[in-house]
Amino acid sequence: MDSPDQRRKRKRQSYTSFNVPVCFLSVRSSILCLNFLTFLYLLSNMVPLDSSAFRPVLVVSGLSLLSSSSSTSTATSDQDFRSLLFPLEIENRVLFPDHISLLLSGGERDWLKAKNVADELECVYCRKNDVHRYRKGSFGGKNKVVFTKQKVLSVDVYEESRLVVRCPLPSVDYSAVVNLMWRCKSEILGERNELWVKNQTLNSWENVVYAATVDGDSAVVFVKGLNLRPDRESYSSQFSCHFRLGKWERNGMFTITTKALSAAQEVLRCPLPMSLKSNHDKAQGVQVTVGVTPRLHGEAHERVLMPSVANIFISKSVRQKRIEGKYGLCVCTMVWNQASAIREWILYHAWLGVERWFIYDNSSDDRTDEVIRELDQENYNVTRHVWPWIKTQEAGFSHCALTAKNECHWVSFMDVDEYFYLPYASPGQRRFRTLGHATQNSLRTLVANISSSSKTIAEIRTSCRSFGPSGLNSLSPKGVMVGYTCRLQSPERHKSIVRPDALHSTLLNVVHHFHIKKGFKYLNLPQSTVVINHYKYQVWEVFRTKFHRRVATYVADWQQNQNEGSRDRVPGLGTEAIEPPDWAKKFCEVWDTGLRDFVVATMADPLSGLLPWETHSL
C-alpha cells in the first residue's frame, strides 16, 4: 500500500500533467469540469491532505487550450487529451489608458469558433507588494502571495495565428502585469516555475513598436512614441531596424540591422535582410524592433532599441495575388463599435460598384465582428482585420494601403458615416443625365473612366458635406441616408480614392488624403459630379459613442482642451459628453434631400417600400 506522501505526490502529478488547466468551451466541458471537481472532492475525503500539499494560486504565461473539435468527446485518455492540445504562450503585454492587451502566440483561427471563449478566461493580478516574491517563487510562510481576478473583456484572433486578449485595468494595489487562468480551475500549481516566471514584462503604449509587414524588398514598421511631426517626412538617418532571425539567434538578441530608408509619423521603412528578400515566407513571424540614435548638439549618442511587440506579418492579401486580376474599386475603413452602421453603408456602396472591403476593427466590443461575418457570407467580399492599436488611424490606413495593394487598382479611404452621392451620371454616361441621378455601379465606372483618361492621376478627391441631427432625437428606422437631410452650407475638407501602387514610399497620409509619388497628380472632382455626404453630427446617442474616443493620431480627443477652434472639434460642445439642449437643431443650414430621394427611388422594394438594410432587421 502507498504511503500518504506517495499518494499526495501522485495527486500533484495528476494536476500538472498538462502544465495548465484544461476546459472545454461547451456545455460538455462544463460537465467535465464538474465531474473533475467532484472527483477531487471525493479523493480529498479518502486521502487526508495537509495544507503543505498545495501552494497559492500561480498564473502561468504558457497556456494549453483545447481546440474546438475536442468538445465532441466526453471520455478521453491522457494521451488523447495531449493530442487535442495546442500550446499558447503570453508573448507580450501592452498597457493602454483604459485596458491591458495580452498578445498570445500559438493560436488558430478555428479556436474562436466557440463564442464563449472570453467567458471562460479570467485576468489575474498580483498584489504590488507581492510582485518580488511572486517572481522569485517565494510563496510559503505566513505572508502568502495575494491575487485578484477580473473577467476578460474580449478575445480575438490577431494576425491569423496570434490571439489578443483584453483585460481591465487593475485596482491601484495590484500590478498591471496581468496573467490568465480558466474560470473552471480554482488553482494552478507552480511546479513548473519557468513557465509562469517567463516574460513578466509590461510595455507602455506610449513607447513601443507595435506592428510590421513587408512591401517588396522593404520591411514597414509601425512605432508609437517617435513623436515625429504630422504630415511631414523626417530624417531617417537616426533610425534603424533590428531583426531577430531564429537560426542566428544568440541569447535572444536582435542579430541583423538595416538602416532606415524613410521615417514619417509612425511608419519606418527599412531594407529587409538579404536572407529574407528572396523568400518572404521566411520573414513571416520574424521579430523586429527599431533603433534610435539621438543627436544632441550635432553629436550622435548611443543607439537605443525601443521595446517591441511586433512580428512581421504578411497577410493573405499580400501573399496571394489575384489570378483573375485586381478589383477596380475597394474601400478601407477603421471602426470602433459601429455594428449598427456597417450594413447600410456596405449595401449602398456595393450598389455603386465597390467590390472589396477592408475593415480595420479598433477593438470593438459590440456586434461588429458578427455583422462583418454575415456580410461576407452574403458575398459582399468583406474582410475584418483586428487592429488593437488605439488612436492610429493614419498608421492603420498606411497598413491597409499595403494590404490592398495586390488586390485593388483603386482604394477609397473613408469612414462608415460617409456616403458617396452622385447627383448625375458620370461624365462617361451623359445619356443618363436626364434621369437626374446616377445608375448602378456608377462610382466604379467614374473611377475607371478617370483612370483610363490619364495614367498620371493617382488620387481622386471628393468634397465632403457635413450633415447635422436634422431635428431627430432618435434613430431613423430607415437608416442614415433617409433620416438626416439637413447640413452645413459649405463643404468641409475632402476624402480620397487612391491608387495604392502610386503612393509615396513613406505612406504619409492625414486620413483625408495620401502623399503620392513624384510624377503623379491628384484630381479634384466638381460637386456637380460627386460629393460625400458626411453624417458627422448624428442623434446624440450615436454621437456620444464617437465622443468616447477619436481614432486619428494627431487629432485631440474631445475631452482634451486643445485646438477648440479646429474643424476637428464640434463648435460649442466643449470637452464633456453632455448633450446640448438644442443638439437636434444644430448644424442645419441647408435642407438637402437629394441622397434620400435617390435611395428611396432606386433601392426600395416596389411592393413593401422597404430598403435592403430594413428587410434584414425584420
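Heavy atoms only: backbone and side chains are in, while hydrogens, waters and symmetry mates are out.
- The CG atom of L402 lies 5.0 Å from the CG atom of L507; values are rounded to the nearest 0.5 Å.
- A tilted orientation is assigned to the rings of W540 and F543, their planes being inclined by 30° to 60°.
- The main-chain N or O of L607 is found under 3.5 Å from a side-chain atom of D605 such that the two form a donor-acceptor pair.
- Side-chain atoms of N203 never come within 3.5 Å of backbone atoms of S308 as a donor-acceptor pair (strictly under, hydrogens ignored).
- Ring orientation note: the planes of H349 and F420 are nearly perpendicular, at an angle over 60° on the 30°/60° scale.
- Side-chain N/O atoms of D366 and T368 include a donor and acceptor closer than 3.5 Å.
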Show me the donor-acceptor pairs within less than 3.5 Å that the side chains of residues 204-214 make with the rest of the protein, sequence neighbours left out.
residue: S204; atom: OG; partner: E206; partner atom: N; Å: 3.2
residue: Y210; atom: OH; partner: E266; partner atom: OE1; Å: 2.6
residue: T213; atom: OG1; partner: F313; partner atom: O; Å: 2.9

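- Once rounded to the nearest 0.5 Å, the distance linking SG of C167 with CG of L95 reads 12.0 Å.
- Using a 4.0 Å cut-off between a side-chain N of Lys or Arg and a carboxylate O of Asp or Glu, D215 and K405 qualify as a salt bridge.
- A salt bridge is defined here as a Lys NZ or Arg NE, NH1 or NH2 lying under 4.0 Å from an Asp or Glu carboxylate O, and R465 with E492 fails to meet this definition.
- A distance-only check finds no donor-acceptor pair linking the side chain of D361 to the backbone of V386 [under 3.5 Å].
- E344 places no side-chain N or O within 3.5 Å of a backbone atom of A341 that could act as its donor or acceptor partner.
- No salt bridge links E407 with K326; every basic N to acidic carboxylate O contact stays at or beyond 4.0 Å.
- Using bins of under 30°, 30° to 60° and over 60° for the plane-to-plane angle, the ring pair F96/W389 lands in the tilted bin.
- When all heavy atoms are compared, the tightest approach of W336 to S363 is NE1-O, 3.3 Å.
- Using a 4.5 Å cut-off on side-chain heavy atoms (C-beta onward), N92 and I90 make no contact.
- Shown here are the ring-ring contact (aromatic ring centres under 6.0 Å, His included) partners of H409, two or more places apart in sequence or in another chain: there are none.
- Side-chain contact check for R444 versus L352: every heavy-atom pair is 4.5 Å or farther apart.
- Nearest heavy-atom pair, N441 versus A350, reported as atom, atom and distance to 0.1 Å: OD1-O, 4.2 Å.
- Salt bridge status for D376 with R384: absent, with no side-chain N to carboxylate O gap under 4.0 Å.
- For the pair S101/R166, a side-chain contact is recorded, criterion being any heavy-atom separation below 4.5 Å from C-beta on.
- Using the six-membered ring where Trp is involved, F222 and W387 have ring planes that are perpendicular, over 60° apart on the 30 and 60° scheme.
- Put simply, the side chain of I497 reaches to within 4.5 Å of the side chain of V447, judged on heavy atoms.
- Under 3.5 Å, the side chains of R93 and N179 contain a donor-acceptor pair of N or O atoms.
- For F587 and Y537, the ring centers are positioned less than 6.0 Å apart.
- The salt bridge (charged side-chain N to carboxylate O under 4.0 Å, His left out) contacts involving residues 479-488 comprise R487-D592, where partners must be two or more places apart or lie in separate chains.
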Test side chain to side chain contact (heavy atoms under 4.5 Å, CB included) applied to R461 and R493, step by step: CA-CA 10 Å; R461 297 183 177 183; R493 293 186 170 174; over 6 Å; no
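- The distance from the CG atom of L153 to the CD1 atom of I100 is 9.5 Å, given to the nearest 0.5 Å.
- No side-chain donor-acceptor contact under 3.5 Å links Q393 to the backbone of V511.
- The closest side-chain heavy-atom distance from I314 to Q284 is below 4.5 Å.
- The shortest distance between side-chain heavy atoms of C330 and S412 does not fall below 4.5 Å.
- A donor-acceptor pair is defined here as one N or O able to donate and one able to accept, closer than 3.5 Å; such a pair exists between the side chain of W583 and the backbone of Q538.
- Closest heavy-atom contact between G353 and L329: O-CB, 4.3 Å.
- Residue Y125 comes nearest to S175 through the heavy atom pair CD2-O, 3.6 Å, listed as atom of the first residue, atom of the second, then distance.
- Using a distance-only test at 3.5 Å, with no hydrogens or angles considered, no donor-acceptor pair links the side chain of Y348 to the main chain of M603.
- Applying the side chain to side chain contact (heavy atoms under 4.5 Å, CB included) test to N311 and every residue at least two apart in sequence or in another chain returns E91, R162, Q287.
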Worked check of side chain to side chain contact (heavy atoms under 4.5 Å, CB included) between V480 and D417: CA-CA 8 Å; V480 170; D417 59 357; over 6 Å; no
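- For the pair S466 (side chain) and L488 (backbone), a donor-acceptor distance under 3.5 Å is absent.
- Under the 3.5 Å distance criterion, the side-chain polar atoms of S496 are left unmatched by any main-chain donor or acceptor of V498.
- Judged as a disulfide bond (SG atoms under 2.5 Å apart), and not counting sequence neighbours, the contacts of C486 are C588.
- Judged by distance alone, the side chain of D231 and the main-chain N or O of V510 form no donor-acceptor pair under 3.5 Å.
- A 4.5 Å side-chain heavy-atom check between L375 and I342 finds at least one atom pair inside the cut-off.
- For W351 and F598, the ring centers sit closer than 6.0 Å to each other.
- We find the CD1-CD1 distance between I372 and I346 to be 7.0 Å, quoted to the nearest 0.5 Å.
- The distance from atom CZ of F147 to atom CE of M181, rounded to the nearest 0.5 Å, is 9.5 Å.
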Pair D369-S364, side-chain hydrogen bond (donor to acceptor under 3.5 Å, both in side chains): steps then yes or no: CA-CA 8 Å; D369 58 335; S364 298; over 6 Å; no
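- When all heavy atoms of K224 and I390 are compared, the closest pair comes out as NZ-O, 4.2 Å.
- The side-chain hydrogen bond (donor to acceptor under 3.5 Å, both in side chains) pairs that include a residue from residues 470-479 are K478-E614, where partners are two or more places apart or lie in different chains.
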Trace of the side-chain hydrogen bond (donor to acceptor under 3.5 Å, both in side chains) decision for R367 with S340: CA-CA 8 Å; R367 293 184 57 254; S340 61; over 6 Å; no
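- Contact detail for F358 and C400: the closest heavy-atom pair is CB-SG, 3.6 Å.
- Ring geometry for H399 versus Y360: interplanar angle over 60°, hence perpendicular rather than tilted (30 to 60°).
- In this structure, CE on M414 lies 7.5 Å from NZ on K495, to the nearest 0.5 angstrom.
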Candidate pair V354 and N381, rule side chain to side chain contact (heavy atoms under 4.5 Å, CB included), full reasoning: CA-CA 10 Å; V354 175; N381 205 5; over 6 Å; no
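- Looking only at side-chain heavy atoms (C-beta outward), L103 and Y158 come within less than 4.5 Å of each other.
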Stepwise side chain to side chain contact (heavy atoms under 4.5 Å, CB included) check, V382 with I359: CA-CA 7 Å; V382 187; I359 299 183; 3.7 Å; yes
